[in-house]
Amino acid sequence: DRFGVTVRRGEANPLSGVRARLEHAPEHLAHGPSAVLYSVMDSIVDNYTLIDVELGGDLELIEQQVFEGARSVDATDIYRLKREVLEVRRAVTPLAMPLRRLRSEEISSVDEKARPFFGDISDHVLRVIDHIESYDRLLTDVLHAHLAQISVQQNDDMRKISSWVAMAAVPTMVAGIYGMNFANIPELHYHWGYFIVLGAMAIVVFGLYRGFRKSGWL
């Protein structure tokens with residue numbers, strides 16, 4: 001999509017290549033099932049780390065566009081990215097507790113020499129979770145800022161429209177009065193009356209224009 005967010009980031013199969021890496025690292029296989037579990041979880045978390053980086057880049061891009069006032073940004077884009085952040089949070093957060101147990105001595109079946117590996121993965125997961133939570137908060141702020149910009153822009157547009165309507169109302173009113181079928185209208189038969197009325201309307205409209213420009217409405 002517009003911000004490079006696809007469904008979804010990273011490898012098509014996060015477990016592809018795990019077996020090949022294990023076969024080329026017999027020293028890891030010496031730790032038994034713990035090595036296989038570590039390799040699988042490490043591959044999954046590495047994929048989440050890549051997603052974290054991509055989400056950060058997308059957030060930086062959309063934040064820059066919003067605060068630069070780009071009209072191409074839509075609230076739907078922000079909401080879509082926020083939804084993806086929520087999906088990643090749901091996927092990553094449940095890993096924190098099992099990894100904490102694997103790095104501790106709560107699970108006795110884990111090889112003691114493999115526990116530091118799980119600790120490393122746990123640190124990566126906690127870092128991703130922290131980033132995801134910050135992305136969610138920032139996206140909320142960006143969405144609020146975007147909606148505020150839309151409101152300000154709409155108010156500015158309404159002021160401009162109101163200014164032009166006010167300027168158009170003056171000649172419309174004068175022309176409407178002189179267009180009525182009455183005999184006793186001031187200066188109706190005066191030779192310069194038509195030009196005087198036009199000049200008066202132009203002066204009033206110009207005065208309104210200057211006033212609206214000075215007040216920032218135009």
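This structure is a prediction, so every number in the text was calculated from the model and none was measured. Index from 1, following the sequence.
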Gap between atom CD of Gln65 and atom CG of Asp77 - 0.5 Å precision: 8.5 Å

Taking atom CZ as the centre, does Phe206 end up with more than 12 heavy-atom neighbours from other residues, nucleotides or ligands that are less than 6.0 angstrom away? no

Joint cluster assignment, Val66 & Leu147, ILVMFWY side-chain distance < 4.5 Å: yes

Between NZ of Lys82 and CD of Glu87, what distance do you get to the nearest 0.5 Å? 13.0 Å

Closest approach of Ser122 to Arg100 (non-hydrogen atoms, all atoms of both residues): OG-N, 4.4 Å

Return the OG to CD1 distance between Ser163 and Ile161, rounded to the nearest 0.5 Å. 10.0 Å

With heavy-atom distances below 4.5 Å as the criterion, would you say the side chains of Leu81 and Tyr135 are in contact? no

Do Thr140 and His144 come within less than 4.5 Å of each other through their side chains, counting heavy atoms only? yes

Cut-off 3.5 Å, no hydrogens considered: what does the side-chain donor-acceptor table look like for residues 124-131, sequence neighbours left out?
residue : atom : partner : partner atom : Å
His131  : ND1  : Asp52   : OD2          : 2.7

So, taking the atom named CG in Asp46 and the one named OG1 in Thr49, what distance separates them when rounded to the nearest 0.5 Å? 5.5 Å

Measuring from atom CD1 of Ile121 to atom OH of Tyr48, what distance do you get when rounded to the nearest 0.5 angstrom? 13.0 Å

Kindly give the heavy-atom pair with the smallest separation between Ile78 and Leu139, and that separation in Å. CG2-O, 4.0 Å

Distance (rounded to the nearest 0.5 Å) between Leu99 CG and Asp123 CG: 9.5 Å

What residue pairs, at least two apart or across chains, pass salt bridge (charged side-chain N to carboxylate O under 4.0 Å, His left out) with a residue in residues 89-98? Arg89-Asp136

Counting C-beta onward and ignoring hydrogens, is there a side-chain heavy-atom pair between Ile62 and Asp58 closer than 4.5 Å? no

Can you establish whether the number of heavy atoms outside Glu133 located under 6.0 Å from its atom CD is more than 12? yes

Leu143 with Leu86, same ILVMFWY side-chain cluster at under 4.5 Å: no

Can you sort out the partners of Gln149 under side-chain hydrogen bond (donor to acceptor under 3.5 Å, both in side chains), two or more places apart, ordered by chain and number? none

